[in-house]
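Atom set for the values below is all heavy atoms of this structure, side chains included, hydrogens, waters and symmetry mates excluded. First the proteins, then the strands, lettered A, B, ... as listed; each starts at 1.
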Number of protein chains: 4
Amino acid sequence: MPKRTFFRLDEDKKERIIRAAIDEFHKNGFENAKIGNIADEAQIAKGSIYQYFEDKKELFMYSINWSLDYFMKNIDYSSPVEEMDPFDYLLSDGHKKLELLKKEKVMVYFFKDIMTGKFGAMTKEINDYLWKIGDEHLLKLIDVGIKKGTIRSDVDKNLLLLFYKGVTMQMDEYVFLKAEEDVFDLSDEKFTQIENYIKNIVELMKHGMGC
Amino acid sequence: MPKRTFFRLDEDKKERIIRAAIDEFHKNGFENAKIGNIADEAQIAKGSIYQYFEDKKELFMYSINWSLDYFMKNIDYSSPVEEMDPFDYLLSDGHKKLELLKKEKVMVYFFKDIMTGKFGAMTKEINDYLWKIGDEHLLKLIDVGIKKGTIRSDVDKNLLLLFYKGVTMQMDEYVFLKAEEDVFDLSDEKFTQIENYIKNIVELMKHGMGC
Amino acid sequence: MPKRTFFRLDEDKKERIIRAAIDEFHKNGFENAKIGNIADEAQIAKGSIYQYFEDKKELFMYSINWSLDYFMKNIDYSSPVEEMDPFDYLLSDGHKKLELLKKEKVMVYFFKDIMTGKFGAMTKEINDYLWKIGDEHLLKLIDVGIKKGTIRSDVDKNLLLLFYKGVTMQMDEYVFLKAEEDVFDLSDEKFTQIENYIKNIVELMKHGMGC
Amino acid sequence: MPKRTFFRLDEDKKERIIRAAIDEFHKNGFENAKIGNIADEAQIAKGSIYQYFEDKKELFMYSINWSLDYFMKNIDYSSPVEEMDPFDYLLSDGHKKLELLKKEKVMVYFFKDIMTGKFGAMTKEINDYLWKIGDEHLLKLIDVGIKKGTIRSDVDKNLLLLFYKGVTMQMDEYVFLKAEEDVFDLSDEKFTQIENYIKNIVELMKHGMGC
DNA sequence: GATGAATGAGTATTCATTCAT
DNA sequence: TATGAATGAATACTCATTCAT
């Protein structure tokens with residue numbers, strides 16, 4: 001948890017610092033991230049970082065939290081969508097992700113780094129926490145699906161979760177790759193191409209790949 | 001590529017070195033892995049490492065190659081199985097993995113670290129290479145499935161690959177977690193529990209989670 | 001010398017600041033003393049310290065002066081006692097010191113730190129000054145003793161001073177140690193024990209340890 | 001305790017390192033002593049210091065031990081002298097100290113710093129140890145004196161110790177100051193002046209300053 | 001070839017001091 | 001004047017790599 005001096009900062013500065021941190025952590029990983037770079041990028045003095053955060057680790061942790069919050073707010077990863085069928089959700093969600101990708105590339109990547117476990121040992125603690133949050137969210141979706149009758153009820157929910165998650169992540173991976181191809185802007189063609197892919201994947205999730 | 005001095009070493013020493021490296025890299029990640037620890041563990045002088053490898057990175061890369069080879073040889077990840085149906089393959093493969101897990105815990109974990117992208121930037125290069133190999137392998141399996149009529153042929157193969165991979169990885173993840181619970185030895189009960197899970201997952205892959 | 005802003009402060013605040021400083025300097029030495037701690041302890045803002053003192057060193061120097069003054073006033077280290085025989089003086093002085101120890105532990109210790117030279121190089125300047133003051137005081141005492149016929153007159157006065165000082169300091173050291181044993185309060189028993197010791201020491205000073 | 005790599009060094013290098021350390025610690029105290037300075041002065045790489053010592057503190061501690069040993073060996077502070085009368089001992093000891101002062105100024109000062117407690121908190125532990133050694137040594141001397149009949153036996157030995165120590169230290173202080181006056185070499189005149197002082201002090205110790 | 005000692009570049013963190021409010 | 005946030009200089013320590021034996 002940042003020191004209170006951090007919270008007293010004006011929004012712009014706070015955001016500059018965290019975005020600088022996210023950028024650095026994403027580019028170089030935790031170990032190789034230099035506090036100096038972050039300070040420079042955020043246009044503050046190196047020492048100031050320590051006025052706001054206990055140490056590098058705390059800054060890192062908070063960066064994670066911050067990006068988590070960010071996505072919660074912006075992708076509505078949290079609640080209202082909960083009445084949506086998980087398959088529909090995927091479709092809409094995928095769309096939103098594409099828009100985010102265009103706007104918040106770095107942060108999305110950072111978020112992906114986290115979820116992928118790229119920060120490894122460093123995050124064991126927070127990693128578990130993040131997973132739990134994500135899983136809970138997905139389980140709710142699955143529940144809705146079962147209730148609505150779009151998801152089979154003869155299989156253990158955890159198994160469904162695992163299945164859903166696996167396919168979803170793979171799909172995200174694909175979307176990322178595709179989006180990466182256009183460094184600056186996604187063409188409409190690419191856009192529909194991606195949406196098509198997602199539709200197909202969802203179809204596979206529903207009916208399986210077997211005959 | 002190691003220097004030729006390395007290849008002149010006797011098998012035992014070579015293996016000791018690589019296994020020590022794998023252990024250290026797995027435990028601490030690339031940045032925090034200490035050459036000194038590896039040398040100690042391998043019972044050779046620190047300086048000797050540099051007689052065999054250009055630098056830390058080369059040792060790391062070779063460790064990856066080595067473990068890749070190891071699995072190729074031991075899990076038959078390469079050829080003969082190719083006539084097998086991908087679903088059957090999963091079942092048998094899963095079984096083999098369990099046996100490997102018991103025998104080569106550290107190396108399996110290291111391998112997982114690699115495939116998961118935990119070494120991040122460090123491996124971008126090799127990562128792509130590994131994925132390509134893996135993907136090729138899986139695509140062959142899928143082809144077999146289509147030919148044998150166990151996999152639907154109305155969907156793009158790359159999509160099937162993506163789907164198959166996603167579910168597979170998630171399944172592996174689960175197996176790892178389960179296996180981890182028994183630090184020293186897997187009980188038979190746990191063993192069948194895991195196999196059951198795999199069966200169910202395969203069933204989901206075949207028929208999907210939709211109604 | 002503190003800035004004039006300091007002298008404009010009310011007594012209570014001034015004392016709070018100096019006592020906080022003394023406490024910190026005593027506990028951590030000059031180098032490790034933290035201005036922040038002093039400010040916290042004195043319940044003022046860190047920046048205010050610099051409103052009163054040029055820098056850390058000036059605060060330190062003034063703390064020394066302050067404690068010196070304090071003892072001058074409170075132990076009557078200066079004048080009226082001057083008609084007293086140095087041996088009698090020691091006895092009475094010793095008693096007073098015990099009382100002070102109970103009331104002003106920290107400051108006494110700080111004072112001892114100074115006289116002992118614990119602040120080393122930092123005080124070279126002030127140290128000389130302090131010694132001079134102390135020596136002058138003691139020389140007066142010795143003069144009185146010679147005049148009163150309680151001290152031999154066949155020895156160089158500086159030598160007597162040196163002798164007197166050495167034994168005295170050692171005695172103080174002992175008193176401090178004893179006093180330290182009772183963290184909160186000196187028992188009467190300990191009290192008389194200490195006084196006895198002092199008496200014996202004084203006897204040794206008078207007649208020597210030889211046969 | 002230094003690492004064994006240190007003990008494998010040739011005598012010259014070892015001595016260069018320790019003397020450089022002693023010099024730096026004496027000049028700047030523990031906190032302000034810079035490892036870099038020590039390394040430079042000893043003509044070795046900064047990192048090498050850490051090949052020999054765990055950290056700054058260990059180097060400091062060993063420097064103390066080393067100078068202690070040095071004086072033990074060179075001033076015969078340990079045993080054979082033990083049959084000597086403490087007063088005679090002081091005389092001879094004083095003489096030796098003068099010679100040492102000329103040869104090993106810095107180290108003598110460092111030693112004095114230690115015994116004076118100038119390193120304060122840092123040494124609480126070792127300080128006690130040093131005092132104990134010193135006290136034991138002195139107590140033996142006093143015992144000899146009592147046995148030989150040159151010291152009165154009607155006084156508590158610890159009191160005698162305290163007395164003896166106080167006067168001795170003060171005397172040393174004086175000698176140091178005198179010696180300091182001649183930066184490069186002690187004139188014979190100064191030499192005899194000092195010896196005279198010592199004789200007088202010893203006389204005072206024997207017969208006291210009272211009438 | 002093998003060894004392990006020597007090297008020195010590289011960086012998080014602290015804290016006295018300054019400064020804007 | 002009081003405040004406390006901002007600043008940045010300063011330094012112990014690590015460890016990959018080199019090198020002398």
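Closest to the Y50(A) side chain, of the nucleotides dT14(E), dT7(E), dT17(E), is dT14(E). Distance from the side chain of I35(C) is smallest to dA16(E) among dT17(F), dA16(E), dT3(F). Among the nucleotides dT13(E), dA6(F), dA5(E), the one closest to any side-chain atom of Q51(A) is dA6(F).
A39(C) comes within 4.0 angstrom of no nucleic acid atom, judged by non-hydrogen atoms across all strands.
We find that CG of L9(C) is positioned 10 Å from C1' of dT1(F), with the value rounded to whole Å. Counting to the nearest Å, the C1' atom of dT18(F) and the NZ atom of K56(B) are 17 Å from each other.
Phosphate proximity of dA6(E) to K13(D): present, with a side-chain N or O under 4.0 Å from OP1 or OP2. Dashed line: the shortest gap from a side-chain N or O of S48(D) to OP1 or OP2 of dT7(E) is under 4.0 Å.
Between the side chain of K46(A) and the base of dT13(E), a donor-acceptor pair under 3.5 Å is found.
Here F6(B) and Y62(B) bring their ring centres to under 6.0 angstrom of each other.
Partner R19(C) forms a salt bridge (charged side-chain N to carboxylate O under 4.0 Å, His left out) with one of E41(C), E104(C), E11(C) and no other, that one being E104(C).
Between G36(C) and Y52(B), the residue whose closest nucleotide on DNA chain E is further toward the 5' end is Y52(B). Across the interface with DNA chain E, nearest-nucleotide mapping of K34(C) and G47(C) shows K34(C) to be the residue nearer the 5′ end.
The closest side-chain donor-acceptor pair between E58(A) and Y52(A), if any, does not fall under 3.5 angstrom. Between N28(D) and E24(D), the side chains place a donor N or O and an acceptor N or O closer than 3.5 Å (distance only, hydrogens not considered).
Nucleotide dC19(F) has dG4(E) as its partner under the Watson-Crick or G-U criteria, with both atom distances under 3.5 Å.
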